[in-house]
Number of protein chains: 2
Amino acid sequence: MMRGSFWLTRCFGACQSLCGSPSLRPQSVPHRLRPSLIPGTSFSSSTDTLVSRFCQKFTDLKDYALPNASWSPEMMRLYKEFLEKTKDGEWVKLPSFKSNSDHIRGLKLPDGFITTSDKEDYRIFTRCIEKEGQGYEYVIFFHPSKKESICLFQPGPYLEGAPGYAHGGSLTALVDETFSKTAYLSGHGLFTLNLNIKFKNPIPVGSVALLKVEVEKIEDQKIFLSCIALSPDEQMLFAKASGVFLQLELEEQE
Amino acid sequence: MMRGSFWLTRCFGACQSLCGSPSLRPQSVPHRLRPSLIPGTSFSSSTDTLVSRFCQKFTDLKDYALPNASWSPEMMRLYKEFLEKTKDGEWVKLPSFKSNSDHIRGLKLPDGFITTSDKEDYRIFTRCIEKEGQGYEYVIFFHPSKKESICLFQPGPYLEGAPGYAHGGSLTALVDETFSKTAYLSGHGLFTLNLNIKFKNPIPVGSVALLKVEVEKIEDQKIFLSCIALSPDEQMLFAKASGVFLQLELEEQE
C-alpha cells in the first residue's frame, strides 16, 4: 500500500507551506497529528500578531524584496505606489529572506522535520538566482484587514519558457509562494492542499505582472485563495489560479 | 474590457508550451489563428518524426540531462536502469538544452513572437541554476508508442521551500515541463491550458522523485495528461497532477 500520509505520521508537517507547498490530505489530519499540532479553529495569534512578527523592523538579514538596478521603471513606479500605501498602515511590505528558516526563526519545527544547518547554502526556490535581474524579481504587499496581497513580478531571462517569455512554471511557483505567505499571515495557512492554474497569455521576460491574491473563505481549517495575474494596466490577463491551504499553528521555541 | 486573447491575436502563440506553459483559451482558437497556424486534428509529423527531430544525435549543444558528480547513487541507479531500456528503442532519453530556442531550431516562430538573440543569456527555467547539484537535476525518458514519460528528479538546496524540503512550486514547474515535452512529442501539444496539482508529501532536498506522466486522451485538439510523483520504491506519493494542452503544429523554416 502506498504511504500517502508519511508526512503526517513522521514529520507532522508544520510550517511546510509557509515555506513552499508540500501538503496533506485534509481528511486524515485530525487522526494523526500530535496533540500539540492539532489544527484548530481558533488560534492564539491574530493576523496583526503574525504580521508584526513576520515584518520585524530590525534584522541583519538581507531583504531581497527591495529595489535594485535591474528593476524597470514600471516595476519601480508600482513599487513606489504601493510603498506609499503602507504609510497609513493599511498595507505592509513583506520582507523576503534567502531561506524560510529565517522567516520562521523562533518558531518550533515539529519532531521528525529535517534538521538543516545554518551553514548550509539553502535558498528559497523563488530566490534561487541571486544575480540581480536574471531570475525572480518580486515584492509582496499584504493588506491584513482585507486579507489580500499584491505581488509585483518582473521575470528575468533565466525564467524563460518559450523564447522571450516567462515559463508558466515560474509564474505558478510564484503564485504558490504568494498564496503561502498570504495564507500564513491571514490565519496560519501552512500546507498547500491543492493548486490550480489556467494560463491565458504569456508574460514577456523583463515586463511586469501584478499578482492579485485574495482569501476567499476560511472554512473547516482550510483557507481558500484566488489569484489573477495581470499586466500593470490591468488590460491583459496572464493567468487565473486558486489554491487551498490547511491551517496549523506553529509553537514558539522554548 | 480585459484583453484575454492578446496572445492569439498578436502572437499566434505557437511553440509556447513546448517551451513552458503560457496558454490559450481553447474556445477562441479557431476564429483567430492565421490559416497556417490553425490547429488541426491531423498533423504532418508523427510522434516518431517528432522524436527523431527532437533527439538529434549530433549536436554541439550541451545536454544538461546527463549524469554529473552531484547525482546521488539512487539517481544514478535509476538513470542506468532507464538507459538500459532505451537499447531496444522502446524508450528514448530526451536531451535537455539550455534554452528552448535550441530545441526548436529549424522551426518557424509565428509572426508577432518576441525575437530573441542567440547572444542573450536566456535559460529555460528548469535549467536556471547551472551549478551542478544546487538546483534542478533531472532527466526525462519518453516512450513514443505508449505516449508516456518518466522524469527522474533530484532537487538541490536552491529549490527549498520548507527547511530541508523542495518547494512545491519547484515540483509543479517540473511537472509542467515534463507535461510540455510529453505533449509536444505525443502530438504537437504546445500550449498549457490548465494545470492542477494536489500535494501529498514533501520531497526532501537531495532525494529522488519519479514523475510518471501519461497521455490520458487526445480529443478536440487537446491533449489531456496526468502525473504522479513518487519515491523510487513507489511507496511514497508526493503529488498528483493533471494538465491540458492545446495542439498546434509549427512550420519548418524556409
Novice: When you compare the side chain of A/L195 with that of B/K198, does any pair of heavy atoms fall below 4.5 Å?
Specialist: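 The answer is no, as the side chains (C-beta and beyond) never meet within the 4.5 Å cut-off.
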
Novice: Quick one, B/N196 with A/N194, criterion side-chain contact (heavy atoms from CB on, under 4.5 Å). Give me CA distance, side-chain angles, the key distance, then yes/no.
Specialist: CA-CA 7 Å; B/N196 189 302; A/N194 193 306; 3.5 Å; yes

Novice: How far apart are the closest heavy atoms of B/D121 and A/P157, and which atoms are they?
Specialist: O-CB, 3.6 Å

Novice: Which answer fits A/V175, side chain, backbone, both or neither, if we ask what part of it has an atom under 4.5 Å from a heavy atom of chain B?
Specialist: neither

Novice: For B/Y165 and A/F125, what are the C-alpha separation, side-chain angles and deciding distance, and is it a ring pair (Phe, Tyr, Trp, His ring centres under 6.0 Å)?
Specialist: CA-CA 10 Å; B/Y165 295 89; A/F125 179 48; over 10 Å; no

Novice: If we only count heavy atoms from C-beta on, is the A/L193 to B/F199 side-chain gap below 4.5 Å?
Specialist: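 No, their side chains stay 4.5 Å or more apart.
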
Novice: Using a cut-off of under 4.5 Å on heavy-atom pairs, state which of B/S170, B/S242, B/A239, B/A241 scores highest against chain A.
Specialist: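 Most heavy-atom pairs under 4.5 Å with chain A: B/S170.
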
Novice: Using 0.5 Å steps for rounding, measure from the CG atom of A/L171 to the OG1 atom of B/T172.
Specialist: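 One gets 11.5 Å once the value is rounded to the nearest 0.5 Å.
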
Novice: Whether the side chain of B/N100 engages the backbone of A/P163 through a donor-acceptor N/O pair (distance < 3.5 Å, no angle test) should be reported.
Specialist: no

Novice: First locate atom SG of B/C128, then atom NZ of A/K131, and finally report the distance between them rounded to the nearest 0.5 Å.
Specialist: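 It comes to 13.5 Å.
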
Novice: For the CD1 atom of B/I124 and the CD atom of A/E160, what is their distance to the nearest 0.5 Å?
Specialist: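 Output value for this atom pair is 8.0 Å.
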
Novice: Between B/Y136 and A/Y158, is the gap from one ring center to the other below 6.0 Å?
Specialist: no

Novice: side-chain contact (heavy atoms from CB on, under 4.5 Å) for A/Q134 and B/R123? Distances and angles first, verdict last.
Specialist: CA-CA 9 Å; A/Q134 295 299 82; B/R123 292 188 192 170; over 6 Å; no

Novice: Quick check on B/L159 against chain A: is it the side chain, the backbone, both or neither that has a heavy atom closer than 4.5 Å?
Specialist: both

